[in-house]
Amino acid sequence: DDKAALVELFQAAFGRLQAYGSLDEKTREQAGTKAIEQSLTAGDGPFVGPASFVALLEGKIVGAILVTLVPGGDDTDRDNLMWAEPPPEDLWENRAGQPHLTWVLVQSMKQGRGVGTQLLQQSARVLKKRGYKTLWSTFLIGNESSALWHWRNGFVLAPSMFSRRKMRGK
């Protein structure tokens, strides 16, 4: 409900990382606002409120996880991350679409303390209960801490959909 707090959290989480880190403060705020609005208004696929959470400390949001539904299919094909046409409105009700961890945001001073992992565990519980077996995720290139966090939390690195290198066995 508190979009402004999510935008502030976005800026705190990504303010030092490229491509956001090189933006001036006003432009970074606009980019953060656009990113959060896009997730909440189905621009990244239908927003999955029941599997999205915030972490509070003393009444202030210090972390958030936003889950959306993407088309799914071949996880090496980036077209399977975006809907070519507006998706059906009943995806969640019909247990359809592919859950995608669109944003995990943790205030920089709280990173490395398990906030993101607890948010992920809560989302995973909801998704498993709903019958989903996988959760896709993407992260910004150059965000090594995010790559490590994904690995520590059991994500498997799929062949890059942007790589021109031919994958073995294909």
Side-chain angles (χ1 to χ4, degrees), residues 1-72 78 81-83 85-93 96-130 132 135-150 152-153 155:
D1 290 336
D2 195 347
K3 185 175 68 173
L6 291 176
V7 171
E8 184 180 318
L9 184 60
F10 184 94
Q11 288 180 239
F14 294 107
R16 293 189 179 122
L17 294 171
Q18 294 306 326
Y20 299 102
S22 61
L23 301 174
D24 63 73
E25 188 174 333
K26 182 179 180 180
T27 306
R28 188 169 47 249
E29 181 180 352
Q30 291 170 341
T33 299
K34 183 178 179 181
I36 296 300
E37 283 179 355
Q38 183 166 323
S39 294
L40 297 177
T41 61
D44 292 320
F47 177 67
V48 183
S52 299
F53 298 93
V54 296
L56 299 172
L57 180 63
E58 298 174 1
K60 183 171 174 154
I61 296 175
V62 296
I65 191 166
L66 305 179
V67 177
T68 60
L69 292 172
V70 297
R78 72 177 178 175
L81 288 171
M82 298 172 277
W83 294 93
E85 297 178 17
E89 292 184 21
D90 59 355
L91 288 173
W92 180 251
E93 291 78 17
Q98 170 61 53
H100 179 259
L101 170 53
T102 303
W103 294 109
V104 59
L105 310 166
V106 178
Q107 191 179 63
S108 56
M109 296 302 289
K110 302 297 180 206
Q111 291 176 1
R113 298 175 187 218
V115 174
T117 297
Q118 289 179 356
L119 289 165
L120 175 62
Q121 289 170 347
Q122 189 66 19
S123 286
R125 274 194 282 280
V126 169
L127 293 168
K128 282 180 186 177
K129 186 176 181 181
R130 192 80 184 152
Y132 288 102
L135 174 61
W136 287 4
S137 186
T138 50
F139 52 87
L140 297 172
I141 294 173
N143 189 348
E144 290 85 7
S145 63
S146 182
L148 289 170
W149 177 84
H150 280 82
R152 282 193 317 268
N153 281 286
F155 284 89

Could you pull out every donor-acceptor pair under 3.5 Å between side chains of residues 113-120 and any protein atom, sequence neighbours left out?
residue	atom	partner	partner atom	Å
Arg113	NE	Met109	O	3.4
Thr117	OG1	Trp149	NE1	3.2
Thr117	OG1	Asn153	OD1	3.4
Thr117	OG1	Asn153	ND2	3.3

For Gln11, which residues count as a side-chain hydrogen bond (donor to acceptor under 3.5 Å, both in side chains) partner, sequence neighbours excluded? none

Would you say CD of Glu89 has more than 12 non-hydrogen atoms from neighbouring residues, nucleotides or ligands within 6.0 angstrom? no

Nearest heavy-atom neighbours spanning Trp136 and Gly72: CH2-CA, 3.5 Å

Working to the nearest 0.5 angstrom, can you tell me the gap between Leu105 CG and Leu9 CG? 5.0 Å

Whether Asp24 side chain and Thr27 backbone form a donor-acceptor pair below 3.5 Å: yes

Minimum heavy-atom distance between Glu29 and Val7, given as atom pair plus value: O-CG1, 4.0 Å

Quick one: are Glu37 and Lys34 in side-chain contact, heavy atoms under 4.5 Å? no

When rounded to the nearest 0.5 angstrom, what distance separates NZ in Lys128 from OG in Ser123? 12.0 Å

Considering only distance and modelled atom types, tabulate donor-acceptor pairs under 3.5 Å from the side chains of residues 46-69, sequence neighbours left out.
residue	atom	partner	partner atom	Å
Ser52	OG	Val48	O	2.8
Ser52	OG	Val67	N	2.9
Lys60	NZ	Glu8	OE2	3.4
Thr68	OG1	Asp44	O	3.4
Thr68	OG1	Thr102	OG1	2.6

Determine the interplanar angle of the Tyr132 and Trp92 rings, folded into 0 to 90°, and report it as parallel if under 30°, tilted if 30 to 60°, perpendicular if over 60°. parallel

Closest non-hydrogen atoms of Ser137 and Phe155, given as atom of the first, atom of the second and distance, are CB-CE2, 3.6 Å

